[in-house]
Amino acid sequence: MSYRRIYATVRRIPRGRVATYGQIARLAGIPRQARQVGYALAALRDGDADAVPWHRVVNAKGEISRRATPGSDELQRVLLESERVAFDSLGRIDLRRFLWRAG
DNA sequence: CCGGTGACGCGCG
DNA sequence: GCGCGCGCCACCG
């Protein structure tokens, strides 16, 4: 399948907000396939942040999911902080404040 | 075909 | 709130 629907949904996340993998999966019409969302985002090339704001997708606990290649998650945090998304001392985002409520 | 592998999520203790 | 186990399912070798 193509990741078209996934990317289209991620593009809807507004600046300064975040969505979870599971949430994107549901909105994209593929419920219970949160892993596919991560897989799709992993397929993006570096520099695609303009077209697809992949950094606005975090896990259900509000934290940045660890990648195979360490260090790339640092970039995600920097990008989020640059749009005023706050992290607590444990590196977690308060989803009550920053979760994107679609619709 | 088959088994291993995830940028995941949820229920349980 | 935390770790653990298990379910999920497309991909890949």
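The figures here come from the full heavy-atom set of this structure, side chains too, leaving out hydrogens, waters and symmetry mates.
If you take CZ of A:Arg32 and P of C:dC9, they are 6 Å apart, rounded to a whole angstrom. In this structure, CD1 of A:Ile6 is placed 12 Å from C1' of B:dC8, rounded to the nearest angstrom. When rounded to the nearest whole Å, the span between CD of A:Glu63 and P of C:dG3 equals 10 Å. Going from atom OH of A:Tyr21 over to atom P of B:dA7 covers 9 Å, rounded to whole Å. To the nearest angstrom, C1' of B:dA7 lies 8 Å from CD of A:Gln76. In this structure, the NZ atom of A:Lys61 is 9 Å from the P atom of B:dC8, given to the nearest Å. Nucleotide B:dG9 holds its P atom 6 Å from the CG atom of A:Asn59, rounded to whole Å. Rounded to an integer number of Å, the gap from CD1 of A:Ile24 to P of C:dA10 is 19 Å.
At a threshold of 4.0 angstrom between heavy atoms, the contacts of A:Ala42 include nucleobase atoms, whether or not backbone atoms are also involved. Contact annotation for A:Thr20: backbone-only contact, meaning every heavy-atom pair under 4.0 Å involves sugar-phosphate atoms and none involves a base. Nucleic acid contact for A:Arg92: sugar-phosphate only, since backbone atoms but no base atoms lie under 4.0 Å from a heavy atom of the residue.
Remark: C:dC9 base-pairs with B:dG6. Criterion, Watson-Crick or G-U wobble with two distances under 3.5 Å.
Taking all atoms of both residues into account, the shortest heavy-atom contact from A:Arg101 to A:Leu95 is NH2-O, 3.8 Å.
Closest to the A:Tyr3 side chain, of the nucleotides C:dC2, B:dA7, C:dC11, is C:dC11. Each of B:dG6, B:dA7, B:dG9 was ranked by its minimum atom distance to the side chain of A:Gln36; first place goes to B:dG6. Side-chain proximity of A:Ser65 to the nucleotides B:dC10, C:dC2, B:dA7 is greatest for B:dA7. The side chain of A:Leu90 approaches C:dC2 more closely than any other nucleotide in the set C:dC2, B:dA7, C:dG7.
Not a single donor-acceptor pair, N or O on each side, falls under 3.5 Å between the base of C:dA10 and the side chain of A:Tyr39.
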Evaluate the side-chain hydrogen bond (donor to acceptor under 3.5 Å, both in side chains) criterion for residues A:Gln76 and A:Arg56: first the C-alpha distance (whole Å), next the side-chain angles of each, then the deciding distance (0.1 Å), finally the verdict.
-> CA-CA 8 Å; A:Gln76 179 169 8; A:Arg56 296 184 187 139; over 6 Å; no
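Seen from the ring of A:Phe87, A:Arg92 does not count as a face-on cation partner, given the 6.0 Å and 45° thresholds.
Between A:Gln33 and C:dA10 there is a side-chain polar atom (N or O) within less than 4.0 angstrom of OP1 or OP2.
Interatomic distance, A:Leu80 CG to A:Ile64 CD1, rounded to the nearest 0.5 Å: 5.5 Å.
The environment of CZ in A:Arg32 is sparse: at most 12 heavy-atom neighbours from other residues, nucleotides or ligands sit within 6.0 Å.
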